[in-house]
Undergrad: 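Sharing a structure, written as structure tokens. Questions coming.
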Amino acid sequence: MFSHVMIGASDLEASKKFYDAVLGALGVGEPMRDNDRYFYMTDKGTFAISVPIDGEPACGANGGTVGFAAKDGDMVEAFHKAGLAAGGTTCEEPPGVRESGFGNLYLAYLRDPSGNKICAMHRAR
């Protein structure tokens with residue numbers, strides 16, 4: 001459905017360090033740089049971080065979350081651990097399985113250095 005997701009970054013290099021760590025834990029390679037933006041590209045889509053082009057400060061979307069797919073619960077845990085080590089902060093409940101109307105989901109939530117909320121998710125069977 002989506003071609004890409006782009007979020008704002010107050011400190012582009014701090015955000016790159018954070019996303020290199022969390023996306024690296026999910027098997028995503030190094031990003032491509034284009035001016036004040038980094039693009040993490042896979043065969044499934046692109047995630048990008050950017051200094052806001054309007055010159056205003058970056059801010060996290062209240063109620064918004066960007067979710068990343070993980071192959072298993074271990075990968076979700078690695079994502080969370082890497083994010084904390086790279087300057088992110090934990091939010092919501094600790095990583096683990098949550099029951100939902102979509103089945104059991106193994107989830108971990110973080111806030112990046114600019115306050116954006118992200119999540120790694122594995123559909124536990």
Side-chain angles (χ1 to χ4, degrees):
M1 175 184 298
F2 303 108
S3 63
H4 69 283
V5 173
M6 183 178 294
I7 61 171
S10 297
D11 180 332
L12 190 62
E13 293 310 313
S15 291
K16 179 187 182 297
K17 176 183 173 187
F18 175 82
Y19 283 105
D20 283 354
V22 297
L23 296 179
L26 298 178
V28 178
E30 286 289 316
M32 181 185 83
R33 183 164 187 162
D34 180 40
N35 297 315
D36 288 335
R37 296 179 175 149
Y38 283 104
F39 295 86
Y40 295 85
M41 300 185 297
T42 73
D43 61 345
K44 306 244 187 232
T46 300
F47 176 77
I49 55 176
S50 175
V51 172
I53 61 173
D54 65 3
E56 296 294 322
C59 61
N62 187 18
T65 303
V66 175
F68 297 98
K71 293 179 185 173
D72 54 35
D74 290 340
M75 192 174 267
V76 172
E77 293 285 344
F79 164 94
H80 193 260
K81 184 178 178 180
L84 293 176
T89 56
T90 193
C91 60
E92 303 231 353
E93 298 175 24
V97 176
R98 292 167 183 78
E99 294 181 15
S100 78
F102 300 108
N104 291 336
L105 306 175
Y106 201 116
L107 302 167
Y109 290 89
L110 293 165
R111 289 212 180 263
D112 74 7
S114 296
N116 296 294
K117 185 175 164 186
I118 64 170
C119 172
M121 181 188 80
H122 170 67
R123 290 191 187 280
R125 306 260 184 235

Undergrad: Check whether any side-chain heavy atom of Glu77 sits under 4.5 Å from a side-chain heavy atom of His122, and report yes or no.
TA: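 Counting from C-beta outward, Glu77 and His122 never come under 4.5 Å.
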Undergrad: With a 3.5 Å cut-off and no angle check, do the side chains of Glu13 and Tyr38 form a donor-acceptor pair?
TA: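 The criterion, which ignores hydrogens and geometry beyond distance, is satisfied for Tyr38 and Glu13.
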Undergrad: What do you reckon, is CD of Glu99 surrounded by more than 12 foreign heavy atoms closer than 6.0 Å?
TA: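 Count not over threshold, so no.
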Undergrad: Apply the test side-chain contact (heavy atoms from CB on, under 4.5 Å) to residues Val28 and Tyr19: give CA-CA distance (whole Å), side-chain angles for both, the deciding distance (0.1 Å), then the verdict.
TA: CA-CA 10 Å; Val28 178; Tyr19 283 105; over 6 Å; no
Undergrad: Please find the pair of heavy atoms, one from Asp20 and one from Pro31, that lie closest to each other, and give the distance.
TA: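 Asp20 and Pro31 have their closest heavy atoms at OD1-CD, 3.5 Å.
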Undergrad: Do the side chains of Phe79 and Leu107 join up, straight or via other hydrophobic residues, at under 4.5 Å, putting them in one cluster?
TA: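 Cluster IDs for Phe79 and Leu107 differ.
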Undergrad: Roughly how far, to the nearest 0.5 Å, is CD1 of Ile49 from CE of Met6?
TA: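 The distance works out to 9.5 Å.
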Undergrad: Does the side chain of Met41 come within less than 4.5 Å of Met32's, by heavy atoms?
TA: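 With C-beta onward as the side chain, the pair touches.
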Undergrad: Kindly indicate whether the side chain of Arg37, heavy atoms from C-beta on, has any atom under 4.5 Å from the side chain of Ile53.
TA: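 Sidechains of Ile53 and Arg37: in contact.
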Undergrad: Testing the 3.5 Å rule here: is there a donor-acceptor pair between the side chains of Tyr106 and Asp72?
TA: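 Side chains of Tyr106 and Asp72: no pair found under 3.5 Å.
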Undergrad: For the pair Ser114 (side chain) and Ser10 (backbone), establish whether a donor and an acceptor sit closer than 3.5 Å, ignoring hydrogens and angles.
TA: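 Indeed, once roles are kept as given, a pair shorter than 3.5 Å links the two residues.
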Undergrad: Taking all non-hydrogen atoms of both residues into account, name the closest pair between Pro113 and Ala14 and its distance.
TA: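 Taking Pro113 first and Ala14 second, the nearest heavy atoms are CG-O, 4.0 Å.
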Undergrad: Test side-chain contact (heavy atoms from CB on, under 4.5 Å) on Arg123 and Leu105 and set out the steps.
TA: CA-CA 5 Å; Arg123 290 191 187 280; Leu105 306 175; 3.5 Å; yes
Undergrad: For Glu93, does its backbone N or O pair with a side-chain atom of Arg98 as donor and acceptor, under 3.5 Å?
TA: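 The answer is yes, because a donor-acceptor pair under 3.5 Å joins these two groups.
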Undergrad: Rounded to the nearest 0.5 Å, what separates atom CD1 in Ile7 from atom CD1 in Ile118?
TA: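 So the CD1 of Ile7 and the CD1 of Ile118 are separated by 7.0 Å.
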Undergrad: Phe18 and Gly88: which non-hydrogen atoms are nearest, and at how many Å?
TA: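 For Phe18 versus Gly88, the nearest heavy atoms are CE1-CA, 3.5 Å.
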Undergrad: Hydrophobic cluster membership, with links at side-chain heavy-atom distances under 4.5 Å among I/L/V/M/F/W/Y: are Tyr109 and Val66 in one?
TA: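 Tyr109 does not cluster with Val66.
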Undergrad: Using the ring of each side chain (for Trp, its six-membered ring), is Phe68 parallel, tilted or perpendicular to Phe47, with breaks at 30° and 60°?
TA: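 Geometry flag for Phe47 against Phe68: perpendicular rings.
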Undergrad: Is a donor on one side and an acceptor on the other found under 3.5 Å between the side chain of Arg33 and the backbone of Asn35?
TA: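 Pair found, side chain donor or acceptor close to backbone of Asn35.
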Undergrad: CG of Leu110 to SG of Cys119: how many Å apart, nearest 0.5 Å?
TA: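 Going from the CG atom of Leu110 to the SG atom of Cys119 covers 8.5 Å.
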Undergrad: Specify the closest pair of heavy atoms between Asp34 and Phe39, including all atoms of both residues, with the distance to one decimal.
TA: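 What the structure gives for the nearest pair is CB-CE1, 3.9 Å.
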Undergrad: I'd like to know whether Met121 forms a side-chain contact (heavy atoms from CB on, under 4.5 Å) with Val76, so could you lay out the CA-CA distance, the side-chain angles of the two residues, the decisive distance to 0.1 Å, and finally the verdict.
TA: CA-CA 6 Å; Met121 181 188 80; Val76 172; 5.9 Å; no
Undergrad: Looking only at heavy atoms, what is the nearest atom pair of Gly64 and Lys117, with distance?
TA: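 Between these two residues, the closest heavy atoms are O-CB, 3.5 Å.
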Undergrad: Which heavy-atom pair separates Ala82 from Ala25 by the least distance, and what is that distance?
TA: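 Here Ala82 and Ala25 meet closest at CB-CB, 4.3 Å.
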